[in-house]
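Note that the coordinates shown come from a computational prediction; the quantities given were computed from them, not determined experimentally. Starting from 1, each residue takes its place in the sequence as its number.
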Amino acid sequence: MCVHGNMTPKVTKTECVFTVTRRQTSPNRMCVQCNMKPKVTKQNVFTVKSHQTEHGNTTPKVTKQNVFTKKGRSEKMWYLLITVIALCHGFPYNEHHEFSCKENIEHAEVGPQGSKSPYVLSTDKRNTHGLLVTIHSLSDLPFTWFTIKSSSKSNLHNHSYFTFVDDSGAQHQHCKGGTAEYKRTLRWTTQDEIKEDIIFTASVWYNSTSYWSDITTVFQAKAVLPPNPFCGRVLGCLSNCSAKDCDYIVSWLQQDNETVTYKIQTKVTPGTIINSYAAIGLSTNQSMPGSSVIMCLNTNGKMSAELGYTTGHKYSKISDTKGMLQYVSGETNGNIFQCEIKRNIVSTDDMIFDLRKKWYLLFAHGNVSNGIPVHHDFRTASNTTVEFLGPFEVRDFIKPDPWCGKTKGCFMNCTETECDYIISWTHDSQTITYEIQTRVKTGTSVNSWAAIGLSTDQEMDGSSIMMCMSDFGLMRTELGFTTGHTYSKIDDLKYSLTFLNGSTDGNIFRCRMKRDIPSTDDKIFDLRDNWYLLFAHGTLSKGFPQHHEFKTTTMRPMNFLAPLSGKHLTSKQYDTDMIPPDPECGKTKGCLTNCTNTDCQYIVSWTHDHQTVTFEIQTKVVPGTIMNSYAAIGLSSNQSMAGSSIMMCLVNNGGKMTAEYGYTTGHKYAKLDDIQHTPVLINGSTGGNIFRCTIQRDINLSTDKIFSLRNEWFLLFAQGNVTKGIPQHHTNRTASNSMIDFLVNFKMASYEPRNEENVLFTSMNDESNPVEPDQVFRELMADSVCSTSKNCFTNCKGTGCSYLVTWLPDGGDIVFNITAKVESGTGNLAWIGIGFSPDGKMVSSSFMMCLNINGHFKGEYGTSPQQYADYTPLKNISLPIIESSVEGDILHCSVRRSITSHNNKVFDLTKPWYLLIAHGPILNRRGRELKADYHTFRNQSDKRVTFLTVQKNRKVPVKINPDSECGLSKSCFHDCNATDCNYLVSWTSDLNDITFNITARVTEGKAYESWVALGFSPDGAMPKSSFIMCKNGNGTFYGQYGYSSQYTEFIGIDNVTLQISDSSVNGDIVQCTIKRPLLSDSDKIFNLTVEWHILFAYGEVTLYPTGEPMANFHDFKIGSTYLTDFQKISNIPTTIAPSTDTTAANSPDKITPDPECGKTKGCFPICSGSSCSSLVTWQKNGDYILFEIAQEISLNTDNRWIAVGFSGNQQMADTSVIMCQHKNGNVSFDLGYNNGYSFQSLAENISSKMISNASLTVSGKIMRCSLCRTMSSTDNKVFDLNNEWFILMANGPINAGIPGHHEVDPISTSSKENFINITTVTTAGPTTSPESTSPSTQVTTNSPDKIKPDPECGKTKGCFPICSGSSCSSLVTWQKNGDYILFEIAEEISLTTENRWIAIGFSGDQGMVMCPSLLKGFLQDNFNLNDLKYGHKLHLQCR
């Protein structure tokens, strides 16, 4: 729709020639051209309406109306009614730009500006059928043309149009004259009443080549300002809110050391928002005079902010704010005004109050006239002075008390996170202390009361009262008594109520008071007796309590001196005559229930024999009505009461209970008077508020109004009152979610608490009559497949069995084996099937079916889109059957299907689903296709099943591949071998952000309800650490910052968003990619420009009813040994066993053998048992070799070097050296060369090019160095590591900054080492061996001239080896052999072996006193002289 504006006043008559054009590419965009010629003083109003041609094209239709005005001024208007949207084109009068319609559209295709638009839209409601929409310029940039459209979710506003409010200077396309504009207001009119949100979108042109598009605003039909969940947690707030809507919210937060950010959100008077203001004031006394003001103004749609001051009730703007105020943002939506500003904290100006002090906070809003704020429409003030800086105590928030039921008795109304009230009590031998915490009406807490009453009957009349009052902030307590609804204070000073402390923060009233336990006053009840607990609160007037605004009571009398049971009461929990959950529900009974873990609102259960079904009803009724009440169950075909068959139990005056059949026509109930058909009332009772009734009826009884129980029905349940023997309209009604078969296996028809144990076996059949297993089941279960190799869903327990489903992932497929016992005699015409369901119901589930038609098996996929009877096979996809069989009534079928699926009716099995099992007959009708008939049996798993996780003794067939870029292009923290990882954390960073990728194998079967997290710790421990966490709530991932103040307490930070850019689940492997800034202003979110220890952990989550996950305690945790620099590339492998201790197993002041030696790493260890004196490991990492060097230093570690050398002959001379130096607390890393025995450091640029990711740590006597050295080298003094070399290791002092001669002789490998291919290494250290082995006269397979590691070390032999790679310099082994110990000793002798001895000794203190008898006595007879001399080797075999 396009509209043109007023004509020039001198024109006496206007005649317009209208040209309507349409571009092929823009079907909803129209242009109107107007040529004007002066004629008479007659007003012409033209309407352009679009209508559909017979071909569906829209063409304009022009009508003409004559309208005369008194002044003779013509008003011209165009209307274009467009389906779906209303669209308007217009531009202000501009003599410099004259565009045709074609040119304007072509200019639109230049492309919009990418910068933030200098123009905005705002809306205001005009009436029920119209709005005002305004285009504003926010800067000095005018506009020359615009387009605007409206849209809504429905099609109610198809016939809507725009008109100009003030059409002076406004033209359609191709009109001359006028100037560019900064604001234009349009009327938007619709034929239908505005009851939904309307979206307006505009494109605005500055000139022919510069425009901005997608400028949007939304008019909310019902303006809602939702409460801010961070109020009282992270933000300070002054607000007036209900549960879902607020009149206003003023919030504040100190984000840095310089400023406080304020956000004002308020509803203003309808129709005024385009010229309105909202302001906060800082006051010493809750009044406006003398207040410092921060104001946001909307002046003709343009938002701004200013500082001001009030003198009396007059407001004055402060012109020179000295940079104290920064306007951040603002917007209007309907009648909701929002503005955000920042104000400096420190101020020395008397009119701009300093925010380091506390002030009363005032809030007001009103109108703006000619740019000046006028008297407010609304004003309020805080009840107390406000602290604007730093962390603040929660003032309008009551947290649940964790000590309730443990050290305190409690009566409360709480969710998991907050409470409306808590009344708690503790006692000693003489007194009881009561504490009241309650939320009171906003603005009343400073003049309010809260009271506890003790009553015999839950009524206020005749109650003993303990009252706490705040009289203008002055708190006091008193005892009282109620007569009827009148309260009276008790002035007897013999008994007192001691006030302990109290407060009125915001709208929270708190009070603690103490009272003596015994009393003989008939109005001050003795606390040794049991009483109903009443609680109420209200307001004070002139110091006197007024009628309560809230009241509640416990459901049973309370014993205030009773031992605590670990439970507490809530006002919403009936605690008198509780209905405990029935443990037989779903086992021996069918049930329809509404239960928590400890109490139920109702239970309807049923059992059956061959002739009857017995129903038992237990329900709570409205207190005081039980003697005239009823409870009824209905059988329905559609969950509706209308047309249902009813069985009812009634109680009339006198407590007599009867049972009857009935039927409902519409919503009217009628009793069936046929005395031949009456349900049998077995028993019934009415104790307290609990109605109980047991009735029985025949299975085969069937009339048109008494439905047969051989069919399935929805089960209805209702209760209500009885008047003069006639049941009235129900007070409570519910229905089962699915149809129920009352004669087969029992199943839960509604909510029942689930067993949280991780059990894949489930049984929901009548276990009191187990089915004798057939031979096929015995064979299937013979190898215990369900416990070792496959996942199972079965009811096989002991000797009872009727179905078994197993599955096993196989590459990209899953193989399912389905076996079930079908109805007797139907095996040759029957089907068995499994389903995958989002909620355990048949509706909206995906199925795989095996149909047996006289021995021919057919597989098919299917779906159940609406109801059970609507099972539909999928015709365009086949389900291959691997094998099948039928033996009597036992059907067996194996099918293979892909794990993933892109068909929305064949569910993707990478996600967890409830697993369904069902079977039934094949429908065989003459002349019709054979198909599956309605099921005769159905069951479902207790919880969702993860199909890619197999049982405990079988490894998951998915791996975490090691990342070859670790240490090269990215940093890593991992536990990986050559082919798989338990976890792998990698990260990369840029100037501002760091991206972490976390991949971990979590607890088996818990991937879809799990969390993984990284922590940043100053000392490697959990306390005082910062975390980033990724939580998987059944396939939906949530990111969260957090910190830990204690081991068991992870505290989430909810006001900062943690961005998850990628996530996935594969079997038990969870992957999550998280991006966060390097820097942080929060002391709970650590800066990653600082070095921290890395923590990694994972665990399980608990899902809230909303589906959002809550992290539980970790299942696994590990930490890095050393600090990590997150801005440098590093590769941190971990082989440390997980520990609940905060210290990693490989302590920094102890060197332990590396379990990856000979697997993923080459090693040169000098170890004994579980400790080493030195250890060198190496590992190929791309084009580098990663060396890790650890050595125990006997002398001072300061000014000390450790080094490895690469030699061709085990000599120090002509050796290539890597040296790590610790000099006066500083570290350096050098490449060097031994020229003879003198070390020469190479040029610094050589070291910097060939060494990377280097670190050196010193802990106690242990020096550790880790670095990467390039593998290849052409420098003759930096040896190429593609070749094999002897490794030498040494350490020594640094004197005057220069490395000195080694103080201990270097040690060398016994053979050259290959740095590319890892060879097997047996680490040092004796280990225990089995008690006995087979006797042997030849126990070594070593070649005569080489000592090799013994593969039996740690298995059948104990060992003491000095080995490197595939060779050893010495080896001692031992094993028990009858009453003897067999020793094998091998030693490489560097000199002649003639006249040489070798020996082992046994010492209590590691002393070296040698036993001479080792070469005499019983040993001398056992020398094998043929083994004595082989070059430089001497072998000794003895017994």
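Ring pair Phe615/Phe742: centre-to-centre distance below 6.0 Å. Separation of the Tyr669 and Tyr663 ring centroids does not fall under the 6.0 Å cut-off. Aromatic pair Phe560/Tyr434: ring centres closer than 6.0 Å. In this structure, Tyr803 has its ring center closer than 6.0 angstrom to the ring center of Phe937.
Considering Asp741, Leu635, Ile740 as possible partners of Glu712, the one that fulfils the side chain to side chain contact (heavy atoms under 4.5 Å, CB included) test is Asp741. Partner of Lys620 under the side-chain hydrogen bond (donor to acceptor under 3.5 Å, both in side chains) criterion, chosen from Asn594, Asn732, Asp599, Asn689: Asp599. Applying the side chain to side chain contact (heavy atoms under 4.5 Å, CB included) test between Gln940 and each of Leu916, Asp839, Ile917 identifies Leu916 as the sole match.
Put simply, the side chain of His537 reaches to within 4.5 Å of the side chain of Val440, judged on heavy atoms. For the pair Ile579 and Tyr602, the minimum side-chain heavy-atom distance is 4.5 Å or more. Residues Arg515 and Leu527 form a side-chain contact, since some pair of their non-hydrogen atoms from C-beta on lies under 4.5 Å apart.
Under 3.5 Å, the side chains of Asp457 and Ser455 contain a donor-acceptor pair of N or O atoms. Judged by distance alone, the side chains of Thr539 and Gln546 never bring a donor and an acceptor atom under 3.5 Å apart.
Listed for the Ser636 side chain is a donor-acceptor partner under 3.5 Å among the backbone atoms of Ser640. Judged by distance alone, with hydrogens and angles left aside, the side-chain atoms of Thr625 form no donor-acceptor pair with the main-chain N or O of Val621 at under 3.5 Å. Side chain of Ser605 to main chain of Cys591: no donor-acceptor pair is present (N/O by atom type, distance under 3.5 Å, no hydrogens or angles).
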Exercise for the section: Please step through salt bridge (charged side-chain N to carboxylate O under 4.0 Å, His left out) for the pair Lys589 and Glu584, ending with a clear verdict. Expected result: CA-CA 6 Å; Lys589 299 178 180 179; Glu584 294 304 307; over 6 Å; no
